[in-house]
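Down below is the structure, laid out as C-alpha coordinates.
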Amino acid sequence: MKQLVDFLPVAAFFGVYLLADIYYATMALMVAAALQVGYFKVRGLRVTGQMWVVFWAAMIFGTMTLVFRNALFIQWRGSVVSWIMALALVGSRFIGSGDVIKRMLGKMLMLPDRAWRALTYGWAGVFAASGSLNLFVAYNFSEEAWVAYKFASGFVVPILLIGGSVAYLVTTKQLPTAPAEDASGGEAKPT
(Lines give C-alpha, C1' and ligand atoms only; values in the text may rest on other atoms or scores of the structure.)
Protein backbone atom coordinates (compact mmCIF):
# COMPACT_ATOMS: atom_id res chain seq x y z
CA MET A 1 0.00 0.00 0.00
CA LYS A 2 2.85 2.41 0.86
CA GLN A 3 4.33 2.00 -2.63
CA LEU A 4 0.98 2.99 -4.17
CA VAL A 5 0.81 6.08 -1.98
CA ASP A 6 4.42 6.93 -2.92
CA PHE A 7 3.47 6.79 -6.61
CA LEU A 8 0.31 8.91 -6.19
CA PRO A 9 1.75 12.36 -7.12
CA VAL A 10 3.40 11.05 -10.31
CA ALA A 11 0.28 9.12 -11.34
CA ALA A 12 -1.94 12.14 -10.64
CA PHE A 13 0.26 14.47 -12.68
CA PHE A 14 0.55 12.12 -15.65
CA GLY A 15 -3.13 11.06 -15.62
CA VAL A 16 -4.45 14.61 -15.48
CA TYR A 17 -1.96 15.75 -18.13
CA LEU A 18 -3.37 13.14 -20.52
CA LEU A 19 -6.87 14.52 -19.92
CA ALA A 20 -6.17 18.26 -19.70
CA ASP A 21 -2.97 20.33 -19.72
CA ILE A 22 0.20 21.04 -17.75
CA TYR A 23 -1.55 23.51 -15.43
CA TYR A 24 -4.29 21.12 -14.34
CA ALA A 25 -1.65 18.40 -14.05
CA THR A 26 0.39 20.70 -11.80
CA MET A 27 -2.65 21.27 -9.59
CA ALA A 28 -3.19 17.51 -9.44
CA LEU A 29 0.45 17.00 -8.45
CA MET A 30 0.12 19.53 -5.65
CA VAL A 31 -3.11 18.00 -4.33
CA ALA A 32 -1.70 14.47 -4.56
CA ALA A 33 1.50 15.47 -2.73
CA ALA A 34 -0.60 17.05 0.04
CA LEU A 35 -2.82 13.95 0.23
CA GLN A 36 0.28 11.74 0.38
CA VAL A 37 1.73 13.62 3.36
CA GLY A 38 -1.72 13.81 4.97
CA TYR A 39 -2.21 10.05 4.59
CA PHE A 40 1.10 9.33 6.31
CA LYS A 41 0.32 11.79 9.12
CA VAL A 42 -3.18 10.39 9.73
CA ARG A 43 -1.91 6.81 9.70
CA GLY A 44 0.84 7.70 12.16
CA LEU A 45 3.55 6.79 9.65
CA ARG A 46 6.85 8.63 9.41
CA VAL A 47 7.00 11.20 6.63
CA THR A 48 10.49 10.72 5.19
CA GLY A 49 12.86 13.52 4.29
CA GLN A 50 12.50 12.56 0.63
CA MET A 51 8.72 12.88 0.87
CA TRP A 52 9.05 16.34 2.45
CA VAL A 53 11.41 17.45 -0.34
CA VAL A 54 8.96 16.21 -2.99
CA PHE A 55 6.03 17.88 -1.16
CA TRP A 56 7.68 21.28 -0.78
CA ALA A 57 9.10 21.24 -4.31
CA ALA A 58 5.62 20.47 -5.66
CA MET A 59 4.11 23.30 -3.62
CA ILE A 60 6.77 25.90 -4.45
CA PHE A 61 7.34 25.11 -8.13
CA GLY A 62 3.68 24.25 -8.67
CA THR A 63 2.58 27.60 -7.26
CA MET A 64 5.08 29.45 -9.43
CA THR A 65 3.87 27.49 -12.49
CA LEU A 66 0.26 28.41 -11.81
CA VAL A 67 0.85 32.05 -10.81
CA PHE A 68 3.17 32.87 -13.71
CA ARG A 69 1.51 30.43 -16.17
CA ASN A 70 4.94 29.12 -17.13
CA ALA A 71 5.51 25.35 -17.38
CA LEU A 72 9.28 25.75 -16.97
CA PHE A 73 8.84 26.10 -13.21
CA ILE A 74 7.25 22.65 -12.86
CA GLN A 75 9.82 21.26 -15.27
CA TRP A 76 12.61 22.56 -13.02
CA ARG A 77 11.02 20.85 -9.97
CA GLY A 78 12.32 17.40 -10.91
CA SER A 79 15.86 18.68 -11.37
CA VAL A 80 15.88 20.52 -8.06
CA VAL A 81 14.52 17.45 -6.24
CA SER A 82 17.12 15.20 -7.89
CA TRP A 83 19.96 17.58 -7.06
CA ILE A 84 18.79 17.92 -3.44
CA MET A 85 18.76 14.12 -3.19
CA ALA A 86 22.29 13.96 -4.62
CA LEU A 87 23.55 16.59 -2.16
CA ALA A 88 21.79 14.90 0.75
CA LEU A 89 23.40 11.57 -0.10
CA VAL A 90 26.90 13.01 -0.34
CA GLY A 91 26.35 15.27 2.67
CA SER A 92 25.20 12.33 4.78
CA ARG A 93 28.73 10.93 4.54
CA PHE A 94 30.02 13.97 6.42
CA ILE A 95 27.11 15.23 8.53
CA GLY A 96 24.90 13.35 10.94
CA SER A 97 24.91 9.70 11.88
CA GLY A 98 26.37 8.13 8.74
CA ASP A 99 25.28 7.80 5.19
CA VAL A 100 21.62 7.59 4.26
CA ILE A 101 21.91 4.46 2.12
CA LYS A 102 23.52 2.52 4.95
CA ARG A 103 20.72 3.64 7.29
CA MET A 104 18.10 2.57 4.72
CA LEU A 105 19.62 -0.77 3.76
CA GLY A 106 21.99 -1.57 6.62
CA LYS A 107 19.51 -3.88 8.35
CA MET A 108 19.22 -5.99 5.20
CA LEU A 109 22.84 -5.91 3.99
CA MET A 110 26.10 -6.20 5.83
CA LEU A 111 28.67 -4.39 3.69
CA PRO A 112 32.10 -2.89 4.29
CA ASP A 113 32.28 0.89 4.54
CA ARG A 114 33.95 1.15 1.10
CA ALA A 115 30.84 -0.46 -0.45
CA TRP A 116 28.49 1.95 1.33
CA ARG A 117 30.70 4.83 0.20
CA ALA A 118 30.68 3.64 -3.43
CA LEU A 119 26.89 3.13 -3.37
CA THR A 120 26.37 6.58 -1.88
CA TYR A 121 28.47 8.32 -4.53
CA GLY A 122 26.98 6.15 -7.27
CA TRP A 123 23.41 6.96 -6.25
CA ALA A 124 24.30 10.65 -5.92
CA GLY A 125 25.75 10.56 -9.44
CA VAL A 126 22.57 8.99 -10.82
CA PHE A 127 20.43 11.65 -9.13
CA ALA A 128 22.69 14.47 -10.37
CA ALA A 129 22.64 13.09 -13.92
CA SER A 130 18.87 12.59 -13.76
CA GLY A 131 18.39 16.22 -12.74
CA SER A 132 20.59 17.42 -15.59
CA LEU A 133 18.92 15.15 -18.15
CA ASN A 134 15.52 16.45 -17.01
CA LEU A 135 16.51 20.01 -17.94
CA PHE A 136 18.06 18.88 -21.21
CA VAL A 137 14.76 17.27 -22.20
CA ALA A 138 12.71 20.24 -20.92
CA TYR A 139 14.69 22.76 -22.97
CA ASN A 140 15.28 20.72 -26.13
CA PHE A 141 12.07 18.77 -26.65
CA SER A 142 8.33 19.39 -26.61
CA GLU A 143 6.29 19.56 -23.43
CA GLU A 144 4.69 16.21 -24.36
CA ALA A 145 8.12 14.61 -24.74
CA TRP A 146 9.17 16.01 -21.36
CA VAL A 147 6.05 14.59 -19.66
CA ALA A 148 6.70 11.18 -21.25
CA TYR A 149 10.34 11.37 -20.14
CA LYS A 150 9.31 12.25 -16.56
CA PHE A 151 6.89 9.36 -16.40
CA ALA A 152 9.43 6.89 -17.82
CA SER A 153 12.27 8.18 -15.64
CA GLY A 154 10.13 7.52 -12.57
CA PHE A 155 10.56 3.83 -13.36
CA VAL A 156 14.03 3.89 -14.94
CA VAL A 157 15.90 5.74 -12.17
CA PRO A 158 14.96 3.26 -9.41
CA ILE A 159 15.87 0.35 -11.73
CA LEU A 160 19.24 1.99 -12.44
CA LEU A 161 19.88 2.50 -8.74
CA ILE A 162 18.98 -1.06 -7.76
CA GLY A 163 20.47 -2.76 -10.82
CA GLY A 164 23.64 -0.69 -10.68
CA SER A 165 24.03 -1.38 -6.95
CA VAL A 166 23.64 -5.12 -7.40
CA ALA A 167 26.00 -5.14 -10.41
CA TYR A 168 28.62 -3.21 -8.43
CA LEU A 169 28.34 -5.52 -5.42
CA VAL A 170 28.48 -8.66 -7.59
CA THR A 171 31.43 -7.54 -9.72
CA THR A 172 33.41 -6.42 -6.66
CA LYS A 173 32.46 -9.62 -4.81
CA GLN A 174 30.93 -7.66 -1.94
CA LEU A 175 27.37 -8.99 -2.25
CA PRO A 176 26.64 -11.08 0.84
CA THR A 177 25.53 -14.62 0.13
CA ALA A 178 23.12 -16.75 2.10
CA PRO A 179 24.51 -19.91 3.67
CA ALA A 180 24.14 -22.95 1.40
CA GLU A 181 21.59 -25.58 2.37
CA ASP A 182 22.29 -29.29 2.30
CA ALA A 183 19.96 -31.82 0.65
CA SER A 184 17.96 -32.32 3.88
CA GLY A 185 16.96 -28.65 3.89
CA GLY A 186 19.25 -27.64 6.75
CA GLU A 187 22.28 -25.39 6.65
CA ALA A 188 25.34 -27.06 5.19
CA LYS A 189 28.16 -27.52 7.63
CA PRO A 190 31.66 -26.54 6.58
CA THR A 191 33.94 -29.49 5.93
Run the salt bridge (Lys or Arg N to Asp or Glu O under 4.0 Å) test against Arg103 and tell me which residues pass, sequence neighbours left out.
none
Under the side-chain contact (heavy atoms from CB on, under 4.5 Å) test, which residues partner Leu133, sequence neighbours left out?
Phe136, Val137, Tyr149
Return the OG1 to CG distance between Thr172 and Leu111, rounded to the nearest 0.5 Å.
9.0 Å
Residues in ring-ring contact (aromatic ring centres under 6.0 Å, His included) contact with Phe68, at least two apart in sequence or another chain
Phe73
Show the nearest heavy-atom pair for residues Phe94 and Val90, with the distance to one decimal.
CD1-O, 3.3 Å
Mind listing the side-chain donor-acceptor pairs of residues 49-57 below 3.5 Å, one per line with the distance, residues two or more places apart or on another chain?
none

I need the full list of ring pair (Phe, Tyr, Trp, His ring centres under 6.0 Å) pairs touching residues 152-175, with sequence neighbours left out, sorted by first then second residue.
Phe7-Phe155, Phe151-Phe155
For the OH atom of Tyr23 and the OH atom of Tyr17, what is their distance to the nearest 0.5 Å?
10.0 Å
Please tell me whether Met104 and Met110 are part of a single hydrophobic cluster in this structure, the criterion being side-chain heavy atoms less than 4.5 Å apart.
no
Is Leu105 reachable from Val100 through a run of hydrophobic residues whose side-chain heavy atoms are each under 4.5 Å from the next?
yes
Are Val16 and Leu18 connected in the hydrophobic side-chain network, where two residues link if heavy atoms are under 4.5 Å apart?
yes
Please name all residues satisfying side-chain hydrogen bond (donor to acceptor under 3.5 Å, both in side chains) with Ser132, sequence neighbours left out, ordered by chain then number.
none
Can you list every salt bridge (Lys or Arg N to Asp or Glu O under 4.0 Å) pair that touches residues 139-164, not counting sequence neighbours?
none
Using a 6.0 Å cut-off, check whether atom CD1 of Ile95 has over 12 heavy atoms from anything other than its own residue.
no
Output the distance between atom CD1 (Ile74) and atom CE (Met64), rounded to the nearest 0.5 Å.
9.0 Å
Minimum heavy-atom separation for Val80 to Phe61, with atom names?
CG2-CZ, 3.6 Å
Quick one: do Ile60 and Leu87 end up in the same hydrophobic cluster if we chain Ile, Leu, Val, Met, Phe, Trp and Tyr together by side-chain heavy atoms under 4.5 Å apart?
no
How long is the gap from NZ on Lys41 to CZ on Arg46, to the nearest 0.5 Å?
11.0 Å
Across all chains, not counting sequence neighbours, the side-chain contact (heavy atoms from CB on, under 4.5 Å) partners of Val170 are Val166, Leu175
Among pairs that include at least one residue of residues 78-90, which meet side-chain hydrogen bond (donor to acceptor under 3.5 Å, both in side chains), considering only residues two or more places apart or in two chains?
Ser79-Asn134
To the nearest 0.5 Å, what is the distance between OH on Tyr139 and CH2 on Trp76?
5.5 Å
Show me the donor-acceptor pairs within less than 3.5 Å that the side chains of residues 117-130 make with the rest of the protein, sequence neighbours left out.
from: Arg117; atom 1: NH1; to: Asp113; atom 2: OD2; distance (Å): 3.3
from: Thr120; atom 1: OG1; to: Trp116; atom 2: O; distance (Å): 2.8
from: Trp123; atom 1: NE1; to: Ser165; atom 2: OG; distance (Å): 2.7

List the atom pairs, with distances to 0.1 Å, where a side-chain N or O of residues 25-35 and a protein N or O form a donor-acceptor pair under 3.5 Å, not counting sequence neighbours.
from: Thr26; atom 1: OG1; to: Ile22; atom 2: O; distance (Å): 2.7

With sequence neighbours left out, what residues match Ala145 under side-chain contact (heavy atoms from CB on, under 4.5 Å)?
Phe141, Ser142
CE on Met85 to CG on Leu89, rounded to 0.5 Å:
8.5 Å
